[in-house]
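Only one structure is covered here, and it is reproduced in the block below.
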Amino acid sequence: MTKQKLLLLDGNSLAYRAFFALPLLTNDSGIHTNATYGFTTMLQKIIGEENPTQMLVAFDAGKTTFRHKSFDEYKGGRQKTPPELSEQFPYIRKLIDAYNIKRYELEMYEADDIIGTLAKQAAGQGIEVIVVSGDKDLTQLATDDVTVYITRKGITDIEKYTPEHIEEKYGLTPNQIIDMKGLMGDQSDNIPGVPGVGEKTAIKLLKEHGSIEKIYEAIDSLKASKMKEKLVDNEEMAHLSKKLATIHTEVPLTITLDELAYAGPNEEALMGVWQELGFKSLIEKSDFETEQVEQVELKYEMVSLITKDMLKNTMAIHLELENEHYHSCEAIGFAMTDGENTFYSTIENVAENEDLKAWLNDETKKKYIADSKATQAMLHRLGIELKGVEFDLLLASYILKPSISGDDVATLAKEFGYTAVQSNEAVYGKGAKWVVPHADNVAEHVSRKAVAVWSLQPVLEQKLKDNEQFELYKELELPLAHILGKMESEGITVNVDTLHQMGDDLKAKLEIIEASIYELAGEKFNINSPKQLGVILFDKLGLPVIKKTKTGYSTAADVLEKLQSEHDIVKHILEYRTLAKLQSTYIEGLIKEVKEEDSKVHTRFQQALTATGRLSSTNPNLQNIPIRLEEGRKIRQAFVPSKKDWVLFAADYSQIELRVLAHMCQDEVLVDAFKQGMDIHTRTAMDVFGVSNADEVTSLMRRTAKAVNFGIVYGISDYGLSQSLDITRKKAAIFIENYLQSFPGVKYYMDSIIAEAKKTGFVTTILNRRRYLPDITSSNFNLRSFAERTAMNTPIQGSAADIIKKAMIDMNTRLEQEGLKAKLLLQVHDELIFEAPKEEIEILERIVPEVMENAIELIVPLKVDFSYGPTWYDAK
DNA sequence: ATCGTCACG
DNA sequence: ACGTACGTGACGATT
């Protein structure tokens with residue numbers, strides 16, 4: 001439990017302060033907002049700075065208080081609260097409620113007394129207390145546990161009163177503040193005090209005697225003077241004034257400290273109040289993830305038919321889908337806008353509308369779309385081919401802000417300050433509660449999305465140009481989306497019978513292994529449960545614990561491998577894991593994804609997801625089909641061409657990341673090695689181990705050098721390398737040291753890329769893709785180290801991604817130019833998989849490496865290997 | 001919803 | 001001294 005901190009605010013005093021500190025502002029609807037605005041900025045500041053665990057705003061209750069009983073002129077003659085301020089009090093209450101801060105007022109007592117009582121209670125429980133007011137009387141509450149903040153001049157400028165500060169400023173203790181006020185009186189509260197006694201005299205007297213009581217005890221010894229006369233004449237008034245100025249700390253409150261917990265505002269409610277008051281700057285600055293939609297009226301027309309006259313040369317269109325699975329879900333509706341007129345139509349009316357179809361298919365009719373790939377794929381299913389995509393909100397957002405997650409139009413729009421569109425969750429609900437609402441609501445929602453895309457197009461394109469990223473977006477990502485859409489819609493054929501066959505074999509093997517594991521363990525348990533497995537291995541069988549996880553023993557493969565010699569059960573478990581993974585993910589999982597109609601899987605390539613610019617693949621993930629172990633690799637036998645006498649043709653870049661590194665750091669040795677076509681791991685081994693002849697490099701040396709090369713690409717650390725090679729950290733450090741000495745250009749590059757990231761806050765790839773690294777200047781070692789490794793890795797991984805993306809675009813063009821039937825089906829980070837008729841193999845062998853190797857020119861050559869066969873397994 | 005694990009580049 | 005290799009997605013178990 002962190003230290004508790006209670007913030008007590010004097011509501012009336014602060015409202016008055018804000019009102020008089022700021023000029024009389026009014027908002028669009030004519031309400032005065034200077035007090036509400038001042039109050040809000042003050043709250044924002046104090047909450048941000050103090051981060052309290054409990055909060056309360058106290059208000060004065062009615063007109064009369066217990067003080068009036070002793071002195072009926074108390075606060076008499078005071079100016080009436082200005083009506084311009086009175087009208088703002090309801091909003092101040094609303095604001096406080098929206099912040100989820102407790103409000104409190106009590107009949108017969110003033111805010112001061114409520115605050116005094118709570119401050120005393122809290123301090124007694126060891127809670128740190130901060131009192132905020134515009135009234136200096138409150139400083140009497142200061143103690144070691146209670147600090148009193150008094151606003152100065154404006155509303156956010158505060159003076160902090162601790163007992164020390166009061167001593168410094170007045171030479172008095174906090175308690176003596178009351179006596180001072182008793183003597184001086186208070187104009188605003190109509191407390192008379194002793195006439196003729198001001199601050200200076202009061203302080204002088206108190207320093208000498210200590211308190212009002214002590215002054216009167218010693219009154220006779222005072223030498224005769226005008227002042228003595230005044231004191232004598234007004235003794236009663238002095239005592240009364242002190243009494244009135246004393247804050248009551250034993251108020252019979254009807255609330256307790258427990259009720260004051262503060263855990264942040266109700267963001268939606270707060271946005272609502274801010275909107276009502278017209279606090280645009282605060283709304284813009286806030287990073288709340290609220291669903292608040294601007295109350296901008298949207299004019300749109302629901303039409304049964306989109307007619308020719310509605311179809312303009314440039315329009316934003318939005319095809320609304322049920323969910324992200326656009327290869328299998330249903331479409332909900334369709335909207336289009338040219339900025340002036342917005343039309344909504346049902347899907348039935350879209351699919352059968354020949355005019356619209358022709359317009360969508362017309363390359364010269366320009367479309368602005370939120371997610372062009374999804375739209376293209378869905379339209380394809382409806383028998384419509386989409387062309388002429390000019391703007392893609394998802395891709396533009398991704399290039400500008402690669403870190404934003406989510407593809408909802410509302411989420412993206414909000415990132416760029418556009419809020420007149422609702423989130424899908426707000427409209428449809430989520431999970432089991434998901435439902436399509438009334439047609440009117442859908443029409444408005446979908447129309448708003450189209451308008452959002454239309455409105456954001458100029459904004460985002462300008463930002464891209466400002467960043468010099470427009471080309472990356474327009475010439476790379478946008479055309480790539482079209483190609484990826486085609487690849488996904490085409491799909492890859494899977495032989496389900498082959499998978500079933502393999503599944504049966506696996507099932508039999510698993511049953512045997514399972515039986516021997518139970519036998520060796522002496523009981524049945526769930527081998528798939530790391531928790532239960534941990535109990536068997538480490539508690540029951542007493543194997544040594546090598547690594548732990550947050551929740552218990554680690555049973556990961558690297559741990560189990562070290563335990564193999566300890567017990568026979570371990571190797572069975574390792575084998576069980578391998579086979580169970582194949583069975584659940586690659587046999588059963590894959591079968592579920594095969595579409596019955598065409599016997600194909602249609603993955604979705606996520607183009608706006610990774611931090612580095614790579615693609616990712618889902619439903620199913622076709623970028624992690626097994627290959628390293630033979631048993632798993634056989635899964636690839638189930639991936640086949642879609643037609644008889646066709647083949648699968650696979651081409652992959654050899655060492656693309658290290659070549660990119662060589663290009664970027666221009667290290668002579670590394671560049672030379674690639675230019676001469678050497679085996680890079682062997683070359684590295686020669687340098688790291690100081691061997692002058694390639695023949696002298698042993699396989700262990702090469703394997704080690706390979707791991708070092710991986711480490712370099714990942715942003716090396718001795719620990720990481722030691723883990724991957726299972727050697728000591730010291731040895732790993734020596735390898736790295738040797739490497740960096742052999743390749744000084746690499747070291748220089750790594751140092752400068754980190755320096756650059758620290759300076760600009762981001763790193764870039766060959767095609768100017770950015771990754772922002774806010775943690776690079778963190779004082780937290782872990783965060784900073786991670787950011788530094790990322791700074792080293794991202795330009796390499798990201799540039800490699802740029803290169804293969806460019807190759808895909810060039811390859812698509814080339815296939816069309818050559819009039820080939822061959823189709824690009826998959827991309828797996830550094831390889832492209834095609835299917836093609838046998839007759840085209842020869843030409844592919846020529847053009848695929850040519851196009852891929854020349855996608856982007858580096859100072860080192862790019863090298864592409866390829867192969868083909870009747871299944872993906874054979875294309876090796 | 002999150003964790004541990006493991007498949008890929 | 002700090003505690004990690006970079007980037008992903010899917011599964012079963014568990015909360």
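Here is the naming used below: chain letters follow the sequence lines, and residue numbers restart at 1 for every chain.
- Note on A/Glu324 versus A/Lys373: no salt bridge recorded, every NZ/NE/NH1/NH2 to OD/OE distance being 4.0 Å or above.
- Between the side chain of A/Arg628 and the base of B/dG9 there is at least one donor-acceptor pair of N/O atoms closer than 3.5 Å.
- Residue-level contact check: A/Ala732 touches neither bases nor backbone, having no heavy atom under 4.0 Å from any strand.
- The nucleotide whose nearest atom lies closest to any side-chain atom of A/Phe781 is, among C/dT4, B/dG9, C/dG3, C/dG3.
- For the C1' atom pair drawn from B/dC6 and C/dG3, the interatomic distance equals 22 Å after rounding to whole Å.
- With no hydrogens or angles considered, no side-chain donor-acceptor pair links A/Ser529 and A/Asn526 at under 3.5 Å.
- Residue A/Asn526 places its side chain closer to C/dA13 than to any other of B/dA7, C/dA13, C/dC11.
- Distance from the side chain of A/Leu609 is smallest to C/dG9 among B/dT5, C/dT4, C/dG9.
- What separates CG of A/Asp558 from C1' of C/dT4 is a distance of 14 Å, to the nearest Å.
- If you measure from atom CZ of A/Arg784 to atom P of C/dT4, you get 16 Å, rounded to the nearest angstrom.
- The side chain of A/Asn624 has B/dA7 as its nearest neighbour among B/dA7, C/dA5, B/dT5.
- Contact annotation: A/Lys531 side-chain N/O to C/dT15 OP1/OP2 distance is under 4.0 Å.
- Remark: the A/Thr493 side chain and the A/Ser599 side chain contain no N/O donor-acceptor pair separated by less than 3.5 Å.
- If you check every strand for non-hydrogen atoms under 4.0 Å, A/Val828 touches sugar and phosphate atoms only.
- Between A/Arg789 and C/dC6, a side-chain N or O to OP1/OP2 separation shorter than 4.0 Å is present.
- A/Gln827 and A/Glu831 share no side-chain donor-acceptor pair at under 3.5 Å.
- A donor N or O paired with an acceptor N or O is not found under 3.5 Å between the base of B/dC8 and the side-chain atoms of A/Gln623.
- Consecutive Watson-Crick or G-U pairs involving DNA chain C, each under 3.5 Å on both distances, make up stems of three or more pairs at B:1-9 with C:6-14.
- A donor-acceptor pair shorter than 3.5 Å cannot be found between the side chains of A/Arg729 and A/Ser722.
- In this structure, A/Thr549 reaches the B/dG4 phosphate: one of its side-chain N or O atoms is under 4.0 Å from OP1 or OP2.
- Here B/dC3 is the nucleotide among B/dC3, C/dG7, C/dG9 with the atom lying nearest to any side-chain atom of A/Lys550.
- In this structure, A/Lys747 pairs ionically with A/Asp751, as a charged nitrogen and a carboxylate oxygen lie closer than 4.0 Å.
- Nucleic acid contact for A/Ser724: base, since at least one base atom lies under 4.0 Å from a heavy atom of the residue.
- Comparing the P positions of B/dA7 and C/dC2 gives a spacing of 32 Å, expressed to the nearest Å.
- With hydrogens and angles left out, the side chain of A/Ser616 and the base of C/dT8 share no donor-acceptor pair within 3.5 Å.
- Comparing C/dT14, C/dA5, C/dG7 against the side chain of A/Tyr714 picks out C/dA5 as the nearest.
- Proximity of A/Thr585 to the phosphate of B/dC6: no side-chain N or O atom is located under 4.0 Å from OP1 or OP2.
- Closest approach to the A/Asn528 side chain among C/dA5, C/dA13, B/dT5 is made by C/dA13 (side chain taken as heavy atoms from C-beta onward).
- Between the C1' atoms of B/dT2 and C/dA5, the separation comes to 23 Å (whole Å).
- Mapping A/Ser785 and A/Thr790 onto DNA chain C by nearest heavy atom places A/Ser785 at the nucleotide closer to the 5' end.
- Counting only heavy atoms from C-beta on, A/Lys581 has its side chain closest to B/dA7 among B/dC8, C/dC2, B/dA7.
- In this structure, the nucleotide among C/dA10, C/dC6, C/dA5 sitting nearest to the side chain of A/Gln797 is C/dC6.
- Taking the six-membered ring wherever Trp is involved, the centroid distance between the rings of A/Phe735 and A/Tyr739 does not fall below 6.0 Å.
- The side chain of A/Thr551 places an N or O atom within less than 4.0 Å of a non-bridging phosphate oxygen (OP1 or OP2) of B/dG4.
- Side-chain contact check for A/Asn624 and A/Tyr586: at least one donor-acceptor pair (N or O, by modelled atom type) lies under 3.5 Å.
- A donor-acceptor pair shorter than 3.5 Å can be found between the side chains of A/Glu477 and A/Gln607.
- Taking side-chain N and O atoms only, A/Arg577 has no distance below 4.0 Å to OP1 or OP2 of B/dG4.
- Scanning atom types as modelled, one donor and one acceptor separated by under 3.5 angstrom connect the side chain of A/Arg729 and the base of C/dG3.
- OP1 or OP2 of C/dT14 lies within a sub-4.0 Å distance of a side-chain N or O belonging to A/Ser529.
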